[in-house]
Amino acid sequence: MDTTSDLRHASPATVRRLIREGSWQAPTSGLCLGHLQANLAILPGEAAAEFKEFCLANPRPLPLVEVTAPGDPVPHRTAPGADLRTDVPRYRVYREGRVTDEAVDISDLWTDDMVAFLLGCSFTAESRLLEAGVRLRHIEEGRNVAMYITSTPCAERGRFHGPMVVSMRPMPRDQVELAERVTAELPLAHGAPVQIGEPERIGITDIAHPDFGDPITIGLDEVPVFWACGVTPQSVIMTVRPPLAITHAPGHMFITDVEEAEILGRDTLM
């Protein structure tokens, strides 16, 4: 069976094929290093324009990578030939703001008016962090990254509002400046951290129990570093409670064909 280390330098098409076949249903952190990974949110067409405006108003947690045409599951800009109904390791189905199912294929739920939004992901920056010598504990421990719902509100647009979600990576204090510099070069992967070392300032009161993902060990000589996170749409969906919405399961991203060099310094591919 393939492991994360086997697939670190695999092509996105190879990993998407494994996902589509059901051979990979785990988080995608550490896979296809050097390629853009993306969060996914799928909404009915009547809500799409409003949600796009919401993303554009909140570029740190929701860096917009691609929006599909209504009813078209193929992301033609970032992964021609892929299928957003089958090529994510695990999906979450929300009805009235509640998770009603986790699936590995949403073809039976897809309708002709659905619009898919791909949003940048901090997993994309992990290859640069590793190359720079920054340790990533969740990869070392074979766990999903820890994610937290914060007290920081997103800018409202239409019906869409709710709190920002962040991902956390612990690191020695002397690596924080390096991590800031490396990730700031990738706005489409959420850019630089939004908070360092003081989780209570963004409403996180129990760092040992993340809202999404897995608990991650924080060493005595380390500080927690927080990046805006593309799981934010899921907190918004739970707040707004639309009749139906579909997302990736936290940590289970869509892997695009876009190479890291193509997004350096860019805040959009649209």
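Every heavy atom of this structure was used, including side-chain atoms; hydrogens, water molecules and symmetry mates were not.
- Applying the 6.0 Å contact sphere to CZ of R159 captures more than 12 heavy atoms from other residues, nucleotides or ligands.
- Put simply, the side chain of P73 does not reach to within 4.5 Å of the side chain of T68, judged on heavy atoms.
- No side-chain heavy atom of F254 sits less than 4.5 Å from a side-chain heavy atom of I19.
- To the nearest 0.5 angstrom, H35 atom NE2 is 13.5 Å from T28 atom OG1.
- The local environment of CG in D112 is sparse, with at most 12 non-hydrogen atoms from other residues, nucleotides or ligands closer than 6.0 Å.
- By the neighbour-count criterion of 12 heavy atoms within 6.0 Å, atom CZ of R135 is sparsely surrounded, having that number or fewer from other residues, nucleotides or ligands.
- Salt bridge annotation for R181-E185: absent, with no cationic side-chain nitrogen under 4.0 angstrom from a carboxylate oxygen.
- Side-chain atoms of N58 do not come within 3.5 Å of backbone N or O of C154 as any donor-acceptor pair.
- Without hydrogens or angle criteria, R92 side chain to E102 main chain gives no donor-acceptor distance under 3.5 Å.
- In terms of modelled atom types and a separation under 3.5 Å, the side chain of D214 and the main chain of N144 share a donor-acceptor contact.
- Counting heavy-atom neighbours within 6.0 Å of E21 CD, excluding the residue itself, gives a total above 12.
- R16 pairs in a side-chain hydrogen bond (donor to acceptor under 3.5 Å, both in side chains) with only one of the listed residues (T86, T256, D83, D257), which is D257.
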Exercise for review: Could you go through the side chain to side chain donor-acceptor pair (under 3.5 Å) check for E126 and H138 one step at a time?
Suggested key: CA-CA 11 Å; E126 290 183 345; H138 65 286; 2.8 Å; yes
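- Not one N or O on the side chain of D113 forms a donor-acceptor pair closer than 3.5 Å with the backbone of E46.
- Inter-residue side-chain proximity for Y148 and I207 is flagged as met; some heavy-atom pair is nearer than 4.5 Å.
- Inter-residue side-chain proximity for S127 and E260 is flagged as met; some heavy-atom pair is nearer than 4.5 Å.
- With respect to E131 and R128, no salt bridge is recorded, no charged nitrogen being found less than 4.0 Å from a carboxylate O.
- Taking the six-membered ring where tryptophan is involved, the planes of F160 and F54 are tilted, since the angle between them lies from 30° to 60°.
- Looking only at distances, no side-chain donor or acceptor of Q195 sits under 3.5 Å from a matching main-chain atom of I202.
- The minimum heavy-atom distance between H252 and P89, with the atom names listed, is CD2-CB, 3.9 Å.
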Check your understanding: What do the steps show when you test F226 against I204 for side chain to side chain contact (heavy atoms under 4.5 Å, CB included), and what is the final call?
Key -> CA-CA 11 Å; F226 300 91; I204 299 171; 3.6 Å; yes
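- Side-chain contact between L109 and D101: absent, with no pair of heavy atoms (C-beta onward) separated by less than 4.5 Å.
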